[in-house]
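This is a predicted model, so every value here is computed, not measured. FYI, the numbering just counts along the sequence from 1.
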Amino acid sequence: MNIRSTVTLNTGRKMPVIGLGTWKLTKDTAGTIEQALQFGYPMIDTSGDYGTQKGISEGIKRSGISRDSFYLVTKVEENEDSYRSVKKNLEELGLEYADLILIHRPPQYGIGEQLWEGLIRAREEGLTKDIGVSNYSIDLIEDLIEETGIVPAVNQIEWTPFGHSDEMLFYCMSRKIIIQAYSPITRAERLKNPLLVKLANKYDKTPAQLLLRWNLQLGTIPLPKANQRTHLEENLEIFDFTLEEDDMHVLSSLNEKYSALGSLPYV
Ligand SMILES: NC(=O)c1ccc[n+]([C@@H]2O[C@H](COP(=O)([O-])OP(=O)(O)OC[C@H]3O[C@@H](n4cnc5c(N)ncnc54)[C@H](OP(=O)(O)O)[C@@H]3O)[C@@H](O)[C@H]2O)c1
């Protein structure tokens with residue numbers, strides 16, 4: 001596996017195995033994106049409500065990278081007209097299409113069927129290659145599929161050794177839905193965990209790198225955010241080592257349903 005590796009979505013299209021998160025990447029969005037693309041980040045994750053889309057647009061322009069050399073994920077909000085949101089997001093991004101657009105979170109009531117239909121229309125019109133959901137439980141995904149007949153390509157959820165679910169992992173595998181892991185570094189809140197530090201030392205890597213590598217080997221796609229250049233680089237240096245199977249289990253056993261955001265919406 002290397003930085004150009006991909007996973008195959010249930011639509012047959014490919015998606016990179018790591019992406020840069022951009023929530024609160026607001027200090028110098030354009031500069032960070034330009035740098036990240038130069039470092040080789042193959043994917044960028046944003047959302048209509050992050051306030052980073054214009055900076056991402058500027059960073060992409062400055063980098064001079066061609067459109068087919070990076071993968072762009074954005075999201076629509078649960079209280080919006082999703083089709084209109086797609087257009088607004090693309091305008092801010094200065095792009096003709098996104099690679100993947102997600103429903104950011106399920107609406108307070110219902111399953112988001114209308115939101116999903118807006119995204120299906122956007123996909124049919126070529127405004128996005130693929131569509132998916134975020135923060136959806138298994139039941140909500142099943143209801144959405146039953147209502148519309150369209151299986152999401154991705155479920156983007158908070159996902160770390162400290163907070164994950166075998167049930168969700170096996171469900172997504174059975175539906176060929178790829179899990180994108182958000183807050184994969186625990187927002188730096190669990191990096192001092194003694195077991196994690198001990199294992200990181202064993203591999204001569206940092207705790208953050210181990211958290212990201214655990215994702216890669218599980219087949220889930222981490223989206224680490226980093227403002228600092230050293231972190232940007234460090235988070236890509238995860239393709240030159242392999243966690244032994246026993247150590248994957250040790251990491252997975254750290255599960256305490258931990259969430260940096262408060263709670264995991266899928267357990
Ligand atoms: N779909 C959703 O509802 C949802 C929710 C939350 C997040 N997300 C997405 O997932 C992305 C990542 O999640 P996140 O931003 O919440 O948290 P995160 O990526 O787990 O953590 C980011 C924090 O970790 C620090 N960090 C990064 N690399 C590090 C390293 N190698 N060593 C030590 N610290 C490091 C960063 O510091 P510096 O910034 O100072 O470098 C920042 O404070 C978001 O940016 C967003 O794109 C989606």
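In this structure, Phe162 and Tyr258 have perpendicular ring planes: the angle between them is above 60°, well past the 30° mark. Below 30°, between 30° and 60°, or above 60°: for Tyr203 and Phe241 the angle between ring planes is between 30° and 60°, a tilted geometry.
Taking CG of Leu90 as the start and OG1 of Thr74 as the end, the distance is 8.0 Å to the nearest 0.5 Å. Interatomic distance, CD of Glu113 versus CD of Glu147, reported as 4.5 Å (0.5 Å rounding). Rounding to the nearest 0.5 Å places CD of Glu58 at 13.0 Å from CG of Leu93. Separating the CD atom in Glu92 from the CD atom in Gln53 is a distance of 5.0 Å, to the nearest 0.5 Å. Atom-to-atom distance recorded for Thr32:OG1 and Leu25:CG is 4.5 Å, nearest 0.5 angstrom. The structure places OG1 of Thr29 at 10.5 Å from NZ of Lys27, a figure rounded to the nearest 0.5 Å.
Contact annotation: the side chain of Arg13 never approaches that of Tyr71 to less than 4.5 Å [non-hydrogen atoms, C-beta and beyond]. A heavy-atom distance below 4.5 Å is found between the side chains of Ile185 and Asn235. Met168 is listed as a side-chain neighbour of Ile157, based on a closest heavy-atom distance under 4.5 Å. Between Val17 and Val7 there is a side-chain heavy-atom pair separated by less than 4.5 Å. Looking only at side-chain heavy atoms (C-beta outward), Gln180 and Val73 come within less than 4.5 Å of each other. The closest side-chain heavy-atom distance from Ile141 to Arg175 is not below 4.5 Å. Within the 4.5 Å cutoff, side-chain heavy atoms of Leu37 are placed close to those of Ile33. With a 4.5 Å cut-off on side-chain heavy atoms, Asp45 and Lys225 do not count as touching.
In this structure, Glu146 places its CD atom where only 12 or fewer heavy-atom neighbours from other residues, nucleotides or ligands lie under 6.0 Å away. By the 6.0 Å contact criterion, CD on Glu125 is enclosed, its count of non-hydrogen atoms from other residues, nucleotides or ligands being greater than 12. Within a 6.0 Å sphere centred on CE of Met173, heavy atoms belonging to other residues, nucleotides or ligands number 12 at most. Within a 6.0 Å radius of CG in Asp204, other residues, nucleotides and ligands contribute 12 heavy atoms or fewer.
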Pair Leu261, Ser183 - check side chain to side chain contact (heavy atoms under 4.5 Å, CB included), show working.
CA-CA 9 Å; Leu261 280 78; Ser183 308; 3.6 Å; yes
For the pair Asp81 and Lys88, evaluate salt bridge (charged side-chain N to carboxylate O under 4.0 Å, His left out) and give the outcome as yes or no after the intermediate values.
CA-CA 11 Å; Asp81 174 325; Lys88 185 200 80 184; over 6 Å; no
Hey, mind stepping through Arg229 and Glu233 against salt bridge (charged side-chain N to carboxylate O under 4.0 Å, His left out) and telling me if it holds?
CA-CA 6 Å; Arg229 303 299 192 256; Glu233 283 187 286; over 6 Å; no
Apply side chain to side chain contact (heavy atoms under 4.5 Å, CB included) to Glu167 and Val267, showing your working.
CA-CA 9 Å; Glu167 200 192 350; Val267 291; over 6 Å; no
Under the salt bridge (charged side-chain N to carboxylate O under 4.0 Å, His left out) criterion, do Lys87 and Glu91 qualify, and how do the steps go?
CA-CA 6 Å; Lys87 293 209 149 181; Glu91 205 177 297; over 6 Å; no
Tell me, with the steps shown, if Asp247 and Arg213 meet salt bridge (charged side-chain N to carboxylate O under 4.0 Å, His left out).
CA-CA 11 Å; Asp247 292 335; Arg213 183 73 205 185; over 6 Å; no
Where do Trp214 and Ser252 land on the side-chain hydrogen bond (donor to acceptor under 3.5 Å, both in side chains) test, with the steps shown first?
CA-CA 8 Å; Trp214 172 84; Ser252 294; 3.0 Å; yes
Going through the distances and angles, do Tyr266 and Leu140 end up as a side chain to side chain contact (heavy atoms under 4.5 Å, CB included)?
CA-CA 9 Å; Tyr266 57 87; Leu140 281 173; over 6 Å; no
Run the numbers on Glu237 and Thr206 for side chain to side chain contact (heavy atoms under 4.5 Å, CB included), then give the verdict.
CA-CA 10 Å; Glu237 288 160 8; Thr206 66; over 6 Å; no
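If you chain together hydrophobic residues whose side chains sit under 4.5 Å apart, Leu195 and Leu199 fall into the same group. Ile145 and Ile179 fall within a single hydrophobic cluster, where Ile, Leu, Val, Met, Phe, Trp and Tyr are joined by side-chain heavy atoms under 4.5 Å apart, directly or via other members. Under a hydrophobic-cluster definition in which Ile, Leu, Val, Met, Phe, Trp and Tyr are linked whenever side-chain heavy atoms come within less than 4.5 Å, directly or via other members, Phe39 and Ile56 are assigned to the same cluster. Each of Leu251 and Tyr182 belongs to its own hydrophobic cluster when Ile, Leu, Val, Met, Phe, Trp and Tyr are linked at side-chain heavy-atom distances under 4.5 angstrom. Note: the hydrophobic cluster containing Val133 also contains Leu169 (ILVMFWY, side chain heavy atoms under 4.5 Å, direct or indirect links).
Considering every non-hydrogen atom in both Pro222 and Leu212, the closest pair reads CB-CD2, 3.6 Å. Between Ala200 and Pro207, the closest heavy-atom pair is CB-N, 3.7 Å. For the pair Leu102 and Gln156, the tightest heavy-atom approach, listed with the atom from each and the gap, is CD1-NE2, 3.5 Å. Annotation for Ser134 and Pro106: closest pair O-CD, 3.7 Å, computed over non-hydrogen atoms. Here the shortest heavy-atom pairing between Ile103 and Gly112 reads CD1-O, 3.9 Å. Between Ala226 and His231 the shortest heavy-atom distance is CB-CB, 3.6 Å.
Put simply, the side chain of Asn10 gets close to the backbone of Pro152: a donor and an acceptor are under 3.5 Å apart. With Ser263 contributing its side chain and Pro265 its backbone, the two residues share no donor-acceptor pair below 3.5 Å. Here the side chain of Asn135 pairs a donor or acceptor atom with the backbone of His104 at under 3.5 angstrom. A donor-acceptor distance shorter than 3.5 angstrom exists from the side chain of Gln217 to the backbone of Leu243, with no hydrogens or angles considered. Formation of a donor-acceptor pair under 3.5 Å by the Asp130 side chain with backbone atoms of Leu100 is not found in this model.
Partner of Asp49 under the salt bridge (Lys or Arg N to Asp or Glu O under 4.0 Å) criterion, chosen from Lys75, Arg105, Lys24: Arg105. Of the candidates Thr8, Val154, Asp99, Thr6, Val154 is the only one forming a side-chain contact (heavy atoms from CB on, under 4.5 Å) with Met15.
No side-chain donor from either of Ser82 and Trp116 sits under 3.5 Å from a side-chain acceptor of the other. Side-chain polar atoms of Ser47 and Glu77 form a donor-acceptor pair below 3.5 angstrom. When only modelled atom types and interatomic distance are considered, Ser137 and Asp139 share no side-chain donor-acceptor pair under 3.5 Å. Counting only N and O atoms by type, the side chains of Thr52 and Thr46 include a donor and acceptor under 3.5 Å apart.
Cation-pi geometry between Arg67 and Tyr97 is satisfied (NZ or CZ under 6.0 Å from the ring centre, within 45° of the ring normal).
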